[in-house]
Amino acid sequence: MINGSKRISAPIRWAMVGGGRDSQIGYIHRSAALRDQSFVLVAGAFDIDPQRGRDFGVQLGVAPERCYADYRSLFEAEARRPDGIQAVSVATPNGTHFAITKAALEAGLHVVCEKPLCFTVQEAETLRELALARHKVVGVTYGYAGHQLIEQAREMIARGELGEIRMVHMQFAHGFHSQAVENQNAATQWRVDPRLAGPSYVLGDVGTHPLYLSEVMLPDLKIKRLMCVRQSFVKSRAPLEDNAYTLMEYEGGAMGHVWSSAVNAGSMHGQKIRVIGSRASLEWWDERPNQLSFEVQGKPAQILERGMGYLHASALLDDRIGAGHPEGLFEAWSNLYYRFAMAMEATDRNDAERLASLRYPDIDAGVEGVRWVERCVQSADDGGVWVDY
Ligand code: NAD
């Protein structure tokens, strides 16, 4: 149970790059990082517009001299301070992640970076090597991975409660961009511009989320090959897709499927994962995150509720309120940030045992997300052919 009692010896001095006033994702980063006093926000380069970023930082309570014009001056000036930052979160458009994360690692900082981590596997491997060489944590915000029912699913699958795993159906298919809303909305505009978004739109923007959930729930399932087709139903988005279907064959013969979409008209988030075994299936949907459906063949379906004593102990570890009250995206993110902080602390004191006990989307998860997108794009652009993973 998380109840406010501290498990981090001292809050980590933390900054943000991006996540400015009007950004979509900045607030939840701050809310999650600051909630359990694991981090303290002391600096930032919050906005592409330096003055707007400074004004906003001051409003957040950051000292004016520690609200910097850009990430380079942030890292340089903070490195000169005895009380300089120890970690930074990168919440900027995709095209800047690689350069900022690389510079942060080179400056000796732990990093939390938004997904997708970068554009190419080569870049991702560079970041992994750098993080290893500098003994730094890189966390990636696949937010719902911190929800306790994802841990419950992982534990049930590990204990064989589903039998042998046969199929994994995933989707993140919302309808918010069914029309060309980017013409009026800057935060959508960069998402359909390959220079800023990278080689894909929905594959990287949404598809990687349920993909990571499957990696948590099914750590032994390895993709052998995949095929993908992608479409731009709003034509002006080409070459980037607003809808894609990916079929995956795993080592051992299990099959998987990911539907990534921003044009599923009428759908809210539509992020779901269904794991189908020889005996039973599990299904989780982010719009009803407190319920996990457990369906044993030949028996009535059961709905497992978050916070209940019948869940596995590992799932209850991150419970914050007990059963009955909803916990959702904000709590899941807080759990992740809490784990990021614990990982940073354990890394700093070379506590390998502690590190091995922590599960969070790390640099490997970041690399895997980029690899998956790269392979999907390769398959789709070659006409929807099977591509070895
Ligand atoms: P946004 O366009 O709403 O906001 C981007 C912010 O970054 C703005 O404040 C902008 O001023 C600032 N910025 C841009 N370039 C900068 C730079 N070089 N230096 C400093 N600040 C800069 O974008 P968003 O929707 O918040 O997305 C940001 C990132 O978060 C993207 O990579 C996106 O994929 C990711 N994201 C993740 C989730 C999730 O669930 N994990 C959800 C939404 C977005």
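In listed order, ligands and their atoms are each counted from 1.
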Trainee: Can a side-chain donor-acceptor contact be found between H29 and E114 if the only test is distance below 3.5 angstrom?
Mentor: yes
Trainee: Between E125 and R128, does the salt bridge (charged side-chain N to carboxylate O under 4.0 Å, His left out) criterion hold? Intermediate values first, please.
Mentor: CA-CA 5 Å; E125 295 287 6; R128 173 160 46 198; 2.8 Å; yes
Trainee: What residues sit with at least one heavy atom under 4.0 Å from ligand 1?
Mentor: V17, G18, G19, G20, S23, Q24, I25, A45, F46, D47, I48, A91, T92, P93, N94, H97, E114, K115, T141, A187, W190, R191, D205, H209, W333
Trainee: Can you tell me if S89 and W14 form a side-chain donor-acceptor pair at under 3.5 Å?
Mentor: yes
Trainee: Does anything in residues 168-185 pair up under salt bridge (Lys or Arg N to Asp or Glu O under 4.0 Å), and if so which pairs, sequence neighbours excluded?
Mentor: E182-R237
Trainee: Side-chain donor-acceptor pair under 3.5 Å between E215 and Y142, yes or no?
Mentor: no
Trainee: Using the side chain to side chain donor-acceptor pair (under 3.5 Å) rule, take Q59 and D55 through it: C-alpha gap first, then chi angles, then the decisive distance, then the call.
Mentor: CA-CA 6 Å; Q59 272 189 358; D55 292 347; over 6 Å; no
